[in-house]
Amino acid sequence: MAVQKPSIPKGTRDFKPTEMAGRNYIFNTIRSVFEVFGYLPIETPAIENLTTLTGKYGEEGDKLLFKILNSGNFLDGISPVADPQLPIPGYRELTPLISEKGLRYDLTVPFARFVVQHQNELIFPFKRYQIQPVWRADRPQKGRYREFFQCDVDVVGSASLLYEVELIQIIDEVFSRFGIETTTLFNNRKILAGIAEAIGSPQSLTDITVAIDKLDKVGLEKVCQELKERGLNDLAIRALQPVLLMEGTISDKIETLEGLLKNSETGKKGIEELKHLCSLLKEMKLRNKWNFDVRLARGLNYYTGTIIEVKANDIAMGSICGGGRYDDLTGIFGLPGVSGVGISFGADRIYDVMAELNRFPETIQQPTTVLFANFGPEEERFALQVLAEVRKEGIPSEIYPDASKLKKQLEYASRKQIPFVALIGKDEIESGMVAVKDMNTGGQSLMGREEFISRLKNKS
RNA sequence: GUGGUCGUAGCUCAGCCGGUUAGAGCGUCAGAUUGUGGAUCUGAAGGUCGUGGGUUCGAUCCCCAUCUUCCACCCCA
């Protein structure tokens with residue numbers, strides 16, 4: 001058989017030990033912040049029933065779902081070309097027949113499913129965190145992978161704005177610990193809905209949000225042009241101008257919106273929530289910036305209230321954290337009227353930002369503390385005993401597998417950044433001492449076992 | 001899904017107008033040095049030129065397809 005070139009699917013990556021050190025540092029930090037705020041972990045399967053996933057992320061989202069072909073003969077019982085009289089079904093019709101499972105696209109929808117399924121066993125408000133990979137059949141590019149980790153915190157079973165505040169505090173704490181300066185932008189879907197109402201086309205909420213989301217990128221003119229293409233009339237577009245051009249402090253913006261939305265109940269509710277949130281946040285003394293931004297839209301269509309997005313200040317990268325409130329995500333699974341709010345940290349993007357900004361602490365690598373050199377079968381037996389003692393003390397240690405030249409053994413230690421090498425040869429066995437070489441200074445000294453171990457303990 | 005881009009040794013990259021046996025640096029391995037790493041020197045190994053077709057007397061080079069990389073759009077973490 002011809003050897004095949006080893007490869008992994010597009011948009012996926014292998015992680016070497018040095019990279020894992022950074023990744024674990026990120027996961028551990030985020031996890032410990034989540035726990036400080038009283039969230040508990042759950043996990044859900046990588047694969048879900050396709051019916052759980054489809055239709056939750058909009059039409060675009062459905063296209064990005066990885067679907068799993070049914071096991072066995074997935075064509076059993078369906079034969080689209082057997083009868084030439086019948087029309088050949090499109091992939092939309094065919095997909096559910098040959099695939100009934102898919103890889104999860106995010107952690108929020110599986111969580112909603114989880115909550116409904118276990119509703120009688122959970123304590124509400126239910127606060128959970130979840131750190132697991134998700135998959136999207138997207139085309140890879142900067143900061144975009146087909147397999148990546150999300151770190152979600154959500155709370156369901158309460159509509160309290162206290163949780164919005166809590167999530168923004170979590171964001172602040174996480175990025176402070178990472179040393180990344182961020183800006184947390186938020187908006188409220190109810191305000192966007194109110195705007196759509198106010199300009200007389202409530203049905204074009206999505207079109208409006210998608211278009212104005214691009215304002216920073218493409219400018220006012222193109223946004224208006226796009227709105228026109230999406231079917232908005234000139235009057236509506238003109239009515240939208242004050243929103244698009246809105247500047248100044250949060251209270252300035254709120255004032256503008258109050259004028260515009262005075263006839264929209266939904267809009268007024270949104271403004272009220274916004275004001276409440278801002279007044280709470282003002283008292284929190286956060287270290288990172290935050291701001292209200294009407295132009296923030298977010299495409300995920302299950303959001304109904306506050307929406308949140310976080311960007312790193314010093315680097316061009318998509319959002320590194322995002323989320324919002326969803327009033328009825330559990331409704332589709334048969335549990336209506338349960339409000340939830342949550343955010344998701346993009347661990348892989350955070351890694352990229354940390355790497356580029358050089359924010360990883362030096363101490364995250366945990367290399368072996370001591371290597372026992374190998375001088376042959378006799379010495380090996382003796383070294384093994386000392387090694388066991390050292391390991392009993394919890395000191396990461398290893399022995400070189402064969403009696404290669406010392407040069408080679410030391411080089412191995414040097415490359416693995418192992419700070420100490422224990423040399424136990426015939427002389428040492430006789431005297432009961434250990435020769436310890438300090439790889440940083442190059443110096444070497446003889447010591448008894450107890451001193452040896454306490455020396456390693458202090459250094460490790 | 002749309003548009004563009006990249007692919008030559010483990011890594012970073014040369015390779016002239018299409019022409020003999022595809023090169024360099026770094027790394028790897030061995031030795032100089034049989035109980036002492038990082039330096040130096042000597043030597044060696046390592047290539048389906050991403051893959052598959054095509055044009056040509058002849059293709060790493062030109063054409064087509066495909067995979068992969070990176071980037072923009074869409075969308076998003």
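Letters go in sequence order (proteins before strands), and every chain restarts at 1. No experiment lies behind these values; they were computed from the predicted model shown.
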Do any side-chain nitrogens or oxygens of [X] fall under 4.0 Å of OP1 or OP2 in [N]?
X: A:R136; N: B:C74; result: no
X: A:K10; N: B:U68; result: yes
X: A:K405; N: B:A30; result: no

Whole-Å [atom1] distance, [N] and [M]:
N: B:G47; M: B:G23; atom1: C1'; result: 11 Å
N: B:A59; M: B:G18; atom1: C1'; result: 6 Å
N: B:G15; M: B:A9; atom1: P; result: 15 Å
N: B:U28; M: B:G10; atom1: C1'; result: 8 Å
N: B:C61; M: B:U56; atom1: P; result: 16 Å
N: B:C26; M: B:A32; atom1: P; result: 22 Å
N: B:C62; M: B:U55; atom1: C1'; result: 8 Å
N: B:G46; M: B:G54; atom1: C1'; result: 32 Å

Which whole-number value in Å describes the distance from [X] [atom1] to [N] [atom2]?
X: A:K408; N: B:U34; atom1: NZ; atom2: C1'; value: 14 Å
X: A:Y145; N: B:U69; atom1: OH; atom2: C1'; value: 12 Å
X: A:Q417; N: B:G37; atom1: CD; atom2: P; value: 18 Å
X: A:Q141; N: B:C76; atom1: CD; atom2: C1'; value: 10 Å
X: A:K142; N: B:C73; atom1: NZ; atom2: C1'; value: 17 Å
X: A:Y412; N: B:U36; atom1: OH; atom2: C1'; value: 18 Å
X: A:D106; N: B:C76; atom1: CG; atom2: P; value: 11 Å
X: A:K407; N: B:U28; atom1: NZ; atom2: C1'; value: 13 Å

Does [X] get its side chain close enough to the base of [N], under 3.5 Å, for a donor-acceptor pair?
X: A:R415; N: B:G27; answer: no
X: A:Q444; N: B:U36; answer: yes
X: A:E428; N: B:G35; answer: yes
X: A:R139; N: B:C71; answer: no

Under a 3.5 Å cut-off for both contacts, is [N] paired Watson-Crick or G-U wobble with anything, and if yes, with which nucleotide?
N: B:U36; result: none
N: B:U12; result: B:A24
N: B:C29; result: B:G43
N: B:G3; result: B:C71

When you measure from the centre of the six-membered ring of [Y], is the NZ or CZ of [X] closer than 6.0 Å and no more than 45° off the axis?
X: A:R23; Y: A:F15; result: yes
X: A:R349; Y: A:F148; result: no
X: A:R136; Y: A:Y105; result: yes

Using a 5.5 Å cut-off between ring centres and planes within 30 degrees, is A:F148 stacked on the base of B:A77?
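Here A:F148 meets both the 5.5 Å and the 30° conditions.
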Can you list everything that forms a salt bridge (charged side-chain N to carboxylate O under 4.0 Å, His left out) with A:E147? Sequence neighbours excluded, please.
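None.
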Modelled atom types, side-chain donor and acceptor of A:Y145 and A:D352, under 3.5 Å
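Short answer, yes.
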Return the nearest nucleotide to the side chain of A:L410; candidates are B:G37, B:A77, B:G35.
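In terms of side-chain proximity for A:L410, the closest of B:G37, B:A77, B:G35 is B:G37.
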Sidechain N-carboxylate O distance under 4.0 Å for A:D138, A:R146:
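Between A:R146 and A:D138 there is no salt bridge, as every charged N stays at least 4.0 Å from the carboxylate O atoms.
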Closest-nucleotide 5' rank along RNA chain B - winner of A:M439 and A:K63:
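Going by which nucleotide is closer to the 5' end, it is A:K63.
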Quick check on RNA chain B: between A:I424 and A:D138, whose nearest nucleotide comes earlier from the 5' end?
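On the 5' side of the pair lies A:I424.
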Could you tell me whether A:G11 contacts a base, only the sugar-phosphate backbone, or nothing, with contacts defined as non-hydrogen atoms closer than 4.0 Å?
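Sugar-phosphate contact only - A:G11 comes under 4.0 Å of backbone atoms but never of a base.
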Any donor-acceptor pair under 3.5 Å linking the side chain of A:Q241 with the backbone of A:I237?
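Yes; at least one donor-acceptor contact below 3.5 Å.
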